[in-house]
Amino acid sequence: MVVSSVFYTSQQASESSYNYVPTQWVCVCFVALYCVSTAIHMGQALKYRLWWMIPTVTFAGVLEIFGWSARLWSSRSPELLAPFEMQLIGTVIAPTPLLAANFIILGGLIDQLGPQFSRLHPNMYTIVFCSFDVVCLIIQAVGGAIAAQAVNEGKSPTLGGHIMLGGIVIQLFAMLAYSSLAAEFLLRRKFNAPFSQQIIKFGKGQRLMSKKMQRMVSGMSFCIICIFIRSVYRTVELAGGWSGSVISTEAYFNWLDGGCVTAAIYTLNIVHPGGYLTPDDTIHISLSNENRFYEDYSF
């Protein structure tokens with residue numbers, strides 16, 4: 001009976017579009033984890049009136065629930081194409097709106113910690129990088145749809161995979177640019193080096209960040225690292241083809257996609273911008289040679 005069961009599982013795997021049968025309990029765990037996080041994010045968005053968290057992080061959670069529910073379906077019926085197509089689209093595009101939230105949060109951090117140390121205006125981070133994100137979302141969605149249709153028609157999904165790969169590579173480029181600008185801002189702030197010398201520098205002790213801001217920066221950094229690792233994995237996976245060793249190994253997907261995105265989305269539950277991205281008491285700084293005041297935040 002054991003031999004028969006093993007043979008049946010191997011036969012299912014060979015017939016499955018995944019090249020393996022998704023493990024049922026793993027899928028159940030991820031569906032549950034994403035349901036809990038998404039519900040909390042919705043509650044937090046309503047509590048703090050951060051409406052942009054709904055089409056970003058909350059929507060990402062909904063897409064992950066959709067994708068992992070489809071994988072759960074596949075664990076029971078691995079020969080069906082519909083759940084494979086659903087999870088393909090859901091899990092590929094889900095981290096994109098999650099990444100958009102990080103772009104918006106960085107703009108808010110810069111606005112409070114000192115815009116004079118940033119290469120871009122705080123609002124430009126939302127405009128520029130969220131535009132990149134929308135383009136990546138469209139490319140990945142189109143690629144996923146083409147790949148899913150090809151699988152459904154018994155054709156090679158290679159073209160759709162290459163399109164999705166292009167969207168993920170663009171996303172990686174956007175993350176690298178974003179991370180570079182964020183690092184430059186933090187270094188300039190640390191060494192008190194604003195872009196324009198006509199802009200007032202911080203006085204002694206004013207460059208210290210509050211505990212809340214330090215946690216927000218650390219949390220956002222960890223979130224970006226998780227999404228970056230996931231994107232590198234998906235790049236390698238799709239570049240290796242639909243029958244490659246990476247895409248055919250379930251453990252890689254569970255840890256490097258599911259695990260990383262779960263860590264990222266829960267990080268924003270714990271270090272939520274509604275509770276951490278709030279200004280402390282303001283300090284008014286006067287210049288000895290000018291009869292005017294500059295307002296900044298005491299981080």
Side-chain angles (χ1 to χ4, degrees), residues 52 55-64 66-67 85-107 110 118-151 156-185 220-242 244 246-247 252-253 256-261 263-265 267-268:
W52 53 268
T56 54
V57 183
T58 307
F59 181 52
V62 171
L63 288 172
E64 288 289 357
F66 175 78
E85 296 166 359
M86 290 165 60
Q87 69 85 34
L88 178 64
I89 296 173
T91 59
V92 165
I93 67 177
T96 303
L98 179 59
L99 185 60
N102 283 270
F103 296 153
I104 298 171
I105 291 170
L106 179 61
I110 289 173
S118 174
R119 187 173 293 274
L120 299 179
H121 187 276
N123 291 339
M124 290 302 293
Y125 287 90
T126 301
I127 296 171
V128 173
F129 288 105
C130 283
S131 297
F132 261 104
D133 225 33
V134 170
V135 171
C136 293
L137 181 64
I138 293 172
I139 293 173
Q140 291 175 61
V142 169
I146 291 174
Q149 183 180 4
V151 170
S156 173
T158 302
L159 175 61
H162 287 164
I163 294 174
M164 284 192 294
L165 178 60
I168 294 174
V169 169
I170 295 173
Q171 194 173 66
L172 276 172
F173 171 78
M175 277 191 283
L176 287 173
Y178 161 85
S179 300
S180 298
L181 289 170
E184 180 188 38
F185 165 76
M220 190 180 67
S221 301
F222 177 73
C223 186
I224 284 294
I225 290 171
C226 288
I227 299 175
F228 186 82
I229 292 172
R230 176 264 175 192
S231 296
V232 170
Y233 159 68
R234 294 309 294 251
T235 300
V236 174
E237 176 198 52
L238 292 172
W242 294 93
V246 176
I247 202 170
Y252 293 160
F253 185 88
L256 299 177
D257 188 292
C260 285
V261 178
I265 201 168
T267 297
L268 290 183

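Atom set for the values below is all heavy atoms of this structure, side chains included, hydrogens, waters and symmetry mates excluded.
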Enquirer: To the nearest 0.5 Å, what is the distance between CG on Leu63 and CG on Leu137?
Expert: 8.0 Å
Enquirer: At their closest point, which heavy atom of Glu64 faces which heavy atom of Ala94, and how far apart are they?
Expert: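 Looking at all heavy atoms of both residues, the shortest contact is OE2-CB, 3.3 Å.
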Enquirer: Run the side chain to side chain contact (heavy atoms under 4.5 Å, CB included) test against Ala141 and tell me which residues pass, sequence neighbours left out.
Expert: Ile93
Enquirer: If you measure from CD1 on Ile227 to CG on Leu99, what distance do you get to the nearest 0.5 Å?
Expert: 5.0 Å
Enquirer: Which heavy-atom pair separates Gly107 from Pro122 by the least distance, and what is that distance?
Expert: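 That would be O-CB, 3.4 Å.
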Enquirer: Going by the rule side-chain hydrogen bond (donor to acceptor under 3.5 Å, both in side chains), which residues pair with Ser180 if we only count those two or more places apart in sequence or in a different chain?
Expert: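 Per chain and number, Ser180 pairs via side-chain hydrogen bond (donor to acceptor under 3.5 Å, both in side chains) with no residue.
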Enquirer: I'd like to check the salt bridge (Lys or Arg N to Asp or Glu O under 4.0 Å) partners of Arg230; sequence neighbours left out, ordered by chain and number.
Expert: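 Arg230 satisfies salt bridge (Lys or Arg N to Asp or Glu O under 4.0 Å) with Asp257 only.
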Enquirer: Sequence neighbours excluded, which residues qualify as ring pair (Phe, Tyr, Trp, His ring centres under 6.0 Å) partners of Phe103?
Expert: Phe129, Tyr178
Enquirer: Taking only residues two or more places apart in sequence or in another chain, which ones pass side-chain hydrogen bond (donor to acceptor under 3.5 Å, both in side chains) with Thr58?
Expert: none
Enquirer: Could I get the full list of side-chain hydrogen bond (donor to acceptor under 3.5 Å, both in side chains) partners for Ser156, not counting sequence neighbours?
Expert: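 Partners of Ser156 under the side-chain hydrogen bond (donor to acceptor under 3.5 Å, both in side chains) test: Thr158.
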Enquirer: Is it the case that more than 12 heavy atoms not belonging to Tyr252 sit under 6.0 Å from its OH atom?
Expert: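 No - once you tally the heavy atoms of other residues, nucleotides and ligands closer than 6.0 Å, there are 12 at most.
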Enquirer: What distance separates Leu98 CG from Asn102 CG, expressed to the nearest 0.5 Å?
Expert: 6.0 Å
Enquirer: Rounded to the nearest 0.5 Å, how far does CG of Leu238 lie from CD of Gln140?
Expert: 9.0 Å
Enquirer: Among residues two or more places apart or on two chains, list those pairs meeting salt bridge (Lys or Arg N to Asp or Glu O under 4.0 Å) that have a residue in residues 174-185.
Expert: Arg119-Glu184, Glu184-Arg188
Enquirer: Got a sec, which pairs hit side-chain hydrogen bond (donor to acceptor under 3.5 Å, both in side chains) with one end in residues 123-137, sequence neighbours left out?
Expert: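 Residue pairs passing side-chain hydrogen bond (donor to acceptor under 3.5 Å, both in side chains), neighbours aside: Ser118-Tyr125.
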Enquirer: Who passes side chain to side chain contact (heavy atoms under 4.5 Å, CB included) against Ile170, sequence neighbours left out?
Expert: Phe132, Cys136, Ile139
Enquirer: Taking all heavy atoms of Val261 and all of Pro95, pick out the closest pair and write down the distance.
Expert: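 In terms of heavy atoms, the two residues are closest at CG2-CG, 3.9 Å.
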Enquirer: Apply the test side-chain contact (heavy atoms from CB on, under 4.5 Å) to residues Ile229 and Ile225: give CA-CA distance (whole Å), side-chain angles for both, the deciding distance (0.1 Å), then the verdict.
Expert: CA-CA 6 Å; Ile229 292 172; Ile225 290 171; 3.9 Å; yes
Enquirer: To check you understand the geometry: which heavy-atom pair defines the closest contact between Trp242 and Gly161, and what is its length?
Expert: CZ2-CA, 3.8 Å
Enquirer: Could you measure the distance from the CG atom of Leu120 to the CZ atom of Phe185? Nearest 0.5 Å is fine.
Expert: 12.0 Å
Enquirer: So which heavy atom on Ala147 is nearest to which on Leu88, and how close?
Expert: CB-CD2, 3.8 Å
Enquirer: Residues two or more places apart in sequence or in another chain: which of them pass side chain to side chain contact (heavy atoms under 4.5 Å, CB included) with Val169?
Expert: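 Checked Val169 against side chain to side chain contact (heavy atoms under 4.5 Å, CB included); matches are Leu165, Thr235.
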Enquirer: Name all residues meeting the side chain to side chain contact (heavy atoms under 4.5 Å, CB included) criterion together with Ala263; count only those two or more places apart in sequence or in a different chain, and write none if there are none.
Expert: Phe222, Cys226
Enquirer: Using the test salt bridge (Lys or Arg N to Asp or Glu O under 4.0 Å), find all partners of Glu237 that sit at least two apart in sequence or belong to another chain.
Expert: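 Glu237: salt bridge (Lys or Arg N to Asp or Glu O under 4.0 Å) contacts with Arg234.
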